[in-house]
Protein chains: 2
Amino acid sequence: MASGTEIEQLINLLAKLPGLGPRSARRAALQLIKKKEALLLPLADAMAEAAEKVISCSICGNVDTVDPCAICASPRRDKSIICVVEEVGDLWALERSGVMGGLYHVLGGTLSALDGIGPDDLNVAGLVLRSEARQVKEVILAMNATVDGQTTAHYITDRVEHAEVKVTRLAHGVPVGGELDYLDDGTLAAALKARREF
Amino acid sequence: MASGTEIEQLINLLAKLPGLGPRSARRAALQLIKKKEALLLPLADAMAEAAEKVISCSICGNVDTVDPCAICASPRRDKSIICVVEEVGDLWALERSGVMGGLYHVLGGTLSALDGIGPDDLNVAGLVLRSEARQVKEVILAMNATVDGQTTAHYITDRVEHAEVKVTRLAHGVPVGGELDYLDDGTLAAALKARREF
C-alpha cells in the first residue's frame with residue numbers, strides 16, 4: 001500500500017488509537033507528513049515528553065507530571081470529599097463541569113466477571129485506606145451507569161462501610177437538554193422515581 | 001482540564017489530526033499514556049523517524065523514503081502510462097486496487113478559484129515535461145469527480161495537448177455494490193449514457 005516501511009509503521013500505530021481506523025489512520029499519516037514542521041515534529045516531541053514525564057498519582061491514580069497530582073496537592077480542594085471514578089477520563093469530565101471541589105480516586109476500571117477483573121485488579125484497597133482518614137466525610141460514587149459500574153459501586157459501598165463516611169452516588173434522570181421521546185425506559189423510570197417538588 | 005501542560009499539549013496536537021476532535025483527542029491521549037510502552041513510545045519514535053526520512057519523490061510527488069520513489073524506480077512498472085491524481089492518498093487508493101501498472105503524478109490539489117489555487121500552485125509543469133518524453137503514450141486523469149477535480153482535468157488536457165499522448169479519464173457509473181435507489185441523478189445519468197453491451 002503505502003510505500004516506505006516508516007510510513008506503514010506510522011499508519012499501523014496510528015490505527016491503534018481509539019477513534020482512528022485504518023482509513024483515518026492513513027489520512028492522519030498523510031496530514032502529518034504534509035505538515036512536518038507544524039504537526040509531525042511537535043507531536044513526536046509532545047509524545048516523547050509525555051512518555052518521559054507523565055506519571056500516575058500515588059494517592060488518587062490521576063495522571064500528572066507531579067506526584068501527588070495537582071488536585072491532591074491543591075490547598076483549595078475540599079479534602080473531606082472523595083469522588084470515586086472508573087477512569088482518568090471520567091475525572092477530566094467532572095473537572096470540566098467545574099462543580100467538584102473535592103478530591104478524586106481513580107479505580108482503573110470496574111469489576112467484571114466476564115473480563116475476569118476482580119477487586120485486586122482495581123485500586124480499591126487504596127480507597128478503603130483513604131476513606132478511613134478522619135478528615136474524610138463523604139465518598140461520592142461516580143461510576144458509569146452501566147451494570148459493571150453499578151456492581152462496582154455496590155461492592156465499594158460494602159468495603160468502605162466500616163469507615164463511617166457518607167456514601168452517595170450521582171443522580172439518575174433526564175440529561176439536561178434531553179428529550180423524553182429519545183430516552184430509554186430505565187432513565188425515564190429513574191427520573192420519575194426521583195422526582196422533586198417544582 | 002487535564003492537569004499537566006505536557007498532557008494538554010499532547011491533546012491539543014492530537015486534536016489537529018483529521019478525524020480526531022477534542023473529545024477523541026482526549027481519549028487518544030489517555031490511551032497513549034495508559035499504554036506507554038506498547039503505544040506512546042513506539043508512536044513517538046515512528047513519528048520522529050518519519051519526520052527524518054520521508055521525502056517527496058522529485059519525479060511524481062509521491063511520499064517515500066527514497067527519491068525517486070519505489071514506484072518511479074520500479075522496473076516492473078509500465079512507463080508509458082502516467083496516472084494523474086490530486087493527492088498522495090488517491091495514489092494509495094489506486095495502488096490498493098492493484099490494477100494500475102503504470103506510473104503516477106501527484107498534482108498536490110486541484111485548481112480552485114475560491115481558494116485562490118492556480119496552475120502554479122500545483123505540480124502541472126512537471127507533468128507537462130514528463131508527458132513530452134517519447135516513452136509516454138497515455139495520461140490517465142484520475143481526479144475526483146468534483147467540480148474542482150473536473151476543472152483541473154480539463155485544464156490539464158489543454159496543457160498536455162501538444163505532447164501527442166492519449167488523454168483518458170476514469171469511467172463514471174454505478175459503484176460496484178451500489179444500489180440505484182441511493183444514487184444521485186448525475187451518477188445515474190452518467191451510467192446510462194456510458195452503457196455497454198451485455
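Basis for what follows: all heavy atoms, side chains included, without hydrogens, waters or symmetry-related copies. Proteins get letters first, then strands, A, B, ... in listed order; numbering begins at 1 in each.
Residue Glu87(A) touches chain B through its side chain alone, counting heavy-atom pairs closer than 4.5 Å. Both the backbone and the side chain of Leu10(A) come within less than 4.5 Å of a heavy atom in chain B. Only the side chain of Lys34(A) comes within contact range of chain B, with at least one heavy atom under 4.5 Å from a heavy atom of that chain. Using a 4.5 Å cut-off between heavy atoms, Leu32(A) touches chain B through its side chain atoms alone.
Val136(B) and Leu127(B) fall within a single hydrophobic cluster, where Ile, Leu, Val, Met, Phe, Trp and Tyr are joined by side-chain heavy atoms under 4.5 Å apart, directly or via other members. With hydrophobic clusters built from ILVMFWY side chains whose heavy atoms lie under 4.5 angstrom apart, Leu170(A) does not share a cluster with Ile156(A). Residue Tyr104(A) is not grouped with residue Ile59(A) when hydrophobic side chains (ILVMFWY) are merged at heavy-atom distances under 4.5 angstrom, including chains of intermediate members. In terms of hydrophobic clustering, with Ile, Leu, Val, Met, Phe, Trp and Tyr side chains grouped at heavy-atom distances under 4.5 Å, Ile71(A) and Val66(A) are assigned to different clusters. Note on Met100(B) and Val84(B): separate hydrophobic clusters, where clusters join Ile, Leu, Val, Met, Phe, Trp and Tyr whose side-chain heavy atoms are under 4.5 Å apart, directly or indirectly.
Ranked by non-hydrogen atom pairs under 4.5 Å with chain B, the options Ala51(A), Ala29(A), Gly19(A) are led by Ala51(A). Heavy-atom pairs under 4.5 Å with chain A peak, among Asn12(B), Leu14(B), Asp45(B), Leu41(B), at Leu14(B). If you tally non-hydrogen atom pairs under 4.5 Å between each of Arg27(B), Arg23(B), Gln9(B) and chain A, the highest count goes to Arg27(B). Ranked by heavy-atom pairs under 4.5 Å with chain B, the list Ala28(A), Ser24(A), Pro18(A) is led by Pro18(A).
In the displayed structure, Glu164(B) atom CD is contacted under 6.0 Å by at most 12 heavy atoms of other residues, nucleotides or ligands. Within 6.0 Å of CG in Asp185(A) there are 12 or fewer heavy atoms belonging to other residues, nucleotides or ligands. Annotation for His154(A): atom NE2 does not count as buried by contact number, only 12 or fewer foreign heavy atoms lying within 6.0 Å.
To the nearest 0.5 angstrom, Lys53(B) atom NZ is 13.5 Å from Ile33(A) atom CD1. The CG atom of Leu40(B) sits 11.5 Å away from the CD atom of Glu49(A) when rounded to the nearest 0.5 Å. Note that OG1 of Thr65(B) and CD1 of Ile7(A) are 7.0 Å apart. Values are rounded to the nearest 0.5 Å. The distance from atom CG of Leu39(A) to atom CG of Leu13(B), rounded to the nearest 0.5 Å, is 6.5 Å. Rounded to the nearest 0.5 angstrom, Glu6(B) CD and Asp64(A) CG are separated by 8.5 Å. Between atom CH2 of residue Trp92(B) and atom CD1 of residue Ile11(A) there is a gap of 4.0 Å, rounded to the nearest 0.5 Å.
Not a single donor-acceptor pair under 3.5 Å links the side chain of Lys16(B) to the backbone N or O of Ala38(A). Side chain of Lys36(A) to main chain of Val54(B): a donor-acceptor pair is present (N/O by atom type, distance under 3.5 Å, no hydrogens or angles).
Ala44(B) and Ala48(A) get closest at one heavy-atom pair: CB-N, 3.9 Å.
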